[in-house]
Protein chains: 2
Amino acid sequence: MNRRLSDTAPNLPTLADVARVAGVSTATVSRCLNSPAQVQTATRDRVLSAVATLGYSPNFGARALAARRTGIIGAIIPTMENAIFARAIQAFQEELHLSGLTLLVASSSYSPEIEADQIRTLVARGADALLLIGHDRDPGIYDFLAQRGVPVLIAWAYDPTQARASIGFDNRRAMAGLADEVLRLGHRHIGMISALAAGNDRARDRIAGVHDALRGHGLDPATLHLIETPYSIANGAEGMAQLMALPTPPTAVVCGNDVLAVGALQMARQLGLSVPQDVSITGFDDIELATVVDPALTTVHVPHRDMGRAAARLLVDMVGDGVAPTPVCLDTNLCFRGTLAAPKT
Amino acid sequence: MNRRLSDTAPNLPTLADVARVAGVSTATVSRCLNSPAQVQTATRDRVLSAVATLGYSPNFGARALAARRTGIIGAIIPTMENAIFARAIQAFQEELHLSGLTLLVASSSYSPEIEADQIRTLVARGADALLLIGHDRDPGIYDFLAQRGVPVLIAWAYDPTQARASIGFDNRRAMAGLADEVLRLGHRHIGMISALAAGNDRARDRIAGVHDALRGHGLDPATLHLIETPYSIANGAEGMAQLMALPTPPTAVVCGNDVLAVGALQMARQLGLSVPQDVSITGFDDIELATVVDPALTTVHVPHRDMGRAAARLLVDMVGDGVAPTPVCLDTNLCFRGTLAAPKT
DNA sequence: CTGAAAGCGCTAACAC
DNA sequence: GTGTTAGCGCTTTCAG
């Protein structure tokens with residue numbers, strides 16, 4: 001029993017209608033809406049009451065066409081399905097809202113092709129600027145964006161060698177700091193479960209960080225037993241199973257992120273290993289999950305909310321004055337919780 | 001050391017440019033882009049190569065203005081910060097993408113005022129249709145949407161008494177089913193930790209479900225010790241602490257969702273209570289969190305992905321033919337895991 | 001401070 | 001199958 005939603009296209013009031021009712025020109029109505037200060041109070045009141053009585057609200061397409069901007073900021077994140085990005089994006093959106101901008105989010109499922117497609121879609125949907133995660137992508141994409149005059153801000157990565165507006169943290173240094181603690185406790189057989197490194201500079205930097213720490217302790221980075229796997233709890237568990245099946249299993253497993261670490265933790269439990277007595281496990285990100293598991297995860301805290309908020313402010317400036325800010329680097333810090341201890345002797 | 005992003009506004013090619021280069025009219029170019037089948041292959045190739053050489057892509061505002069639609073579908077969810085909505089929204093977006101539509105998401109932080117504001121924003125941003133969670137909101141909002149001719153689909157709730165397009169599940173029956181199992185095991189002192197019921201029909205329905213089950217077992221619904229609290233792990237823990245401090249603490253705590261249940265679980269552990277020996281705990285939603293905790297949560301599985309996908313298909317039809325579908329009810333099912341057992345005798 | 005009017009770039013009748 | 005053309009509703013000079 002379906003019914004028509006509307007029998008006729010709704011005939012909404014236009015600027016001209018408001019102008020007629022208020023007895024002014026359309027230009028004046030437009031000004032009342034966009035820069036009220038330029039209009040005399042009396043006139044403005046008349047116009048605003050006309051707006052109210054007619055239930056007028058501006059047509060988006062017309063406004064976008066004439067003003068040559070939409071007030072829409074696009075963001076493409078690898079996935080919406082976990083808290084890592086959700087938190088930052090939520091803060092990003094709240095902050096954009098304060099400046100009257102709207103967020104248009106898409107997710108790439110960690111696929112460069114899908115991401116490229118989404119970028120084109122967002123630009124086609126009128127995004128005034130874009131937030132992207134990490135620097136790593138086909139240069140053609142940056143050319144495209146530059147040609148279309150769409151400002152881009154890169155988040156989640158700090159890399160001063162990339163001459164692009166960015167806000168993030170030093171993935172490599174942060175992970176090196178954590179791995180250093182692991183080594184300092186006496187671990188010598190280290191395993192690592194990382195997200196897929198291809199097209200993911202954050203993952204690569206975190207791996208490089210572990211290598212750095214190994215070198216710092218006079219160990220050969222090649223001894224790191226590295227497993228790369230897609231992003232999910234199940235994959236973390238799978239990776240852990242592989243590591244533990246090694247002839248000499250690692251005494252500590254450093255994970256590229258908390259989700260993989262939680263999977264590893266689950267597998268350890270399933271294998272009858274106690275953490276951290278039998279094996280230590282560390283994460284990265286410090287999402288809610290990290291404190292929900294038992295024992296709670298030792299991990300690297302990333303200021304997601306701050307990054308989201310700051311990203312919004314940078315982007316607002318970029319669309320405003322067309323100026324590219326210098327790269328911003330946020331601090332991370334280590335969270336020592338229950339999953340890391342010295343190896344059994 | 002800031003630099004200009006662009007020295008001049010980019011002067012992008014227009015339809016007319018493409019038409020000139022290809023030696024056809026703008027109408028033909030438009031057709032090539034929108035309904036290629038209507039154009040002869042030879043002409044089309046010529047046009048498409050002109051598009052490619054010029055690097056043309058359509059102006060969003062102009063298109064929206066002329067076509068009177070944007071291809072943008074808005075969705076407002078209570079929060080992006082947890083998996084409940086993220087999963088469904090991800091599926092929703094993927095499915096919309098197949099129809100060439102783009103998702104514009106906003107979140108209301110469970111606040112009716114923010115939601116109303118977001119609805120206006122999304123409509124102002126040109127959303128062709130809206131996905132909203134639950135029926136419960138100021139009728140003025142529905143009037144506004146009807147006046148603007150914006151179709152709405154309600155998700156997460158099935159309520160045939162509401163004459164609105166919707167897709168969801170029977171929150172009340174599902175929760176009654178779970179509570180019935182709890183009672184069947186012999187529990188007689190039941191506590192409940194629910195999300196705030198004001199403006200949240202899903203929460204109210206779940207409470208009603210517990211009441212139903214109580215009645216079904218000849219018990220007075222008034223004996224249910226109910227705690228309402230905002231949505232977070234910490235709040236779940238807090239609620240649990242309150243329940244356990246009661247003169248006769250409940251032997252089973254039914255939670256309105258998995259997030260609250262995980263908080264309750266955490267608090268139980270902290271209070272030195274073992275679950276389910278000392279107290280049983282149940283959740284609702286079956287998000288990833290539910291299987292990560294130990295013991296894993298007994299909960300109600302909701303087909304989030306299916307709901308998201310199906311919602312997208314319904315909405316595509318609604319914007320396509322302007323027809324309102326009849327309400328759709330999806331099945332939920334109980335997941336018995338480790339947190340529910342008979343009470344100690 | 002306000003008005004007139006010229007587009008903005010595209011779509012969709014309609015005509016051929 | 002393709003071209004002509006009239007808007008779509010707003011913003012923004014430019015005059016006054």
Side-chain angles (χ1 to χ4, degrees), chain A residues 8-48 50-51 54-72 100 123-126 128 148-149, chain B residues 8-48 50-51 54-72 100 123-126 128 148-149:
Chain A
T8 59
N11 228 93
L12 301 171
T14 70
L15 245 210
D17 296 326
V18 177
R20 199 174 321 109
V21 170
V24 297
S25 72
T26 58
T28 300
V29 179
S30 177
R31 283 187 201 104
C32 284
L33 269 27
N34 298 306
S35 35
Q38 286 180 37
V39 181
Q40 210 147 22
T41 320
T43 326
R44 193 167 55 207
D45 290 347
R46 208 143 32 87
V47 170
L48 292 181
V51 166
L54 290 174
Y56 168 81
S57 68
N59 174 290
F60 174 66
R63 184 192 279 247
L65 178 57
R68 318 184 122 273
R69 59 191 169 63
T70 56
I72 290 179
V123 171
R125 290 307 186 225
D128 288 338
R148 308 278 314 174
Chain B
T8 58
N11 228 93
L12 300 171
T14 69
L15 245 211
D17 296 326
V18 177
R20 200 174 322 109
V21 170
V24 297
S25 72
T26 59
T28 299
V29 180
S30 178
R31 282 187 202 106
C32 284
L33 270 26
N34 298 306
S35 36
Q38 287 180 37
V39 181
Q40 209 148 24
T41 320
T43 326
R44 192 167 56 206
D45 290 347
R46 207 141 36 86
V47 170
L48 293 181
V51 165
L54 290 174
Y56 168 80
S57 69
N59 176 292
F60 174 67
R63 183 191 278 242
L65 177 56
R68 319 185 121 274
R69 61 194 165 61
T70 58
I72 290 178
V123 171
R125 289 304 188 228
D128 288 337
R148 309 276 315 175

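Sequence lines set the chain letters: A, B, ... in the order given, protein chains first and strands last, and positions in each chain run from 1.
- Remark: P of D:dC10 and CG of A:L33 are 9 Å apart, rounded to the nearest angstrom.
- Among the nucleotides C:dA12, C:dC1, D:dG9, the one closest to the side chain of A:A62 is D:dG9.
- In this model, the phosphate group of C:dG9 is not approached by any side-chain N or O of B:R63 to a distance below 4.0 Å at OP1 or OP2.
- Look at CZ on B:R125: it is 15 Å from C1' on D:dC10, rounded to the nearest Å.
- The CG atom of A:L65 sits 11 Å away from the P atom of D:dC10 (whole-angstrom rounding).
- Look at B:R69 and you won't find any side-chain N or O under 4.0 angstrom from OP1 or OP2 of C:dT11.
- Note: CG (A:L12) to P (D:dG9) measures 9 Å, nearest angstrom.
- Each end of the helix from C:dC1-D:dG16 to C:dC16-D:dG1 gets its own rotation axis from five pairs of C1' atoms, and the angle between them is 20° to the nearest 10 degrees.
- Contacts of residues 21-32 of chain A with DNA chain D (heavy atom under 4.0 Å): A:A27, A:S30, A:R31.
- Rounded to a whole Å, the CG atom of A:L15 is 9 Å from the C1' atom of D:dT11.
- Residue A:N34 places at least one side-chain N or O closer than 4.0 Å to OP1 or OP2 of D:dT11.
- The shortest distance between the side-chain N/O atoms of B:Q40 and the OP1/OP2 oxygens of D:dT2 is below 4.0 Å.
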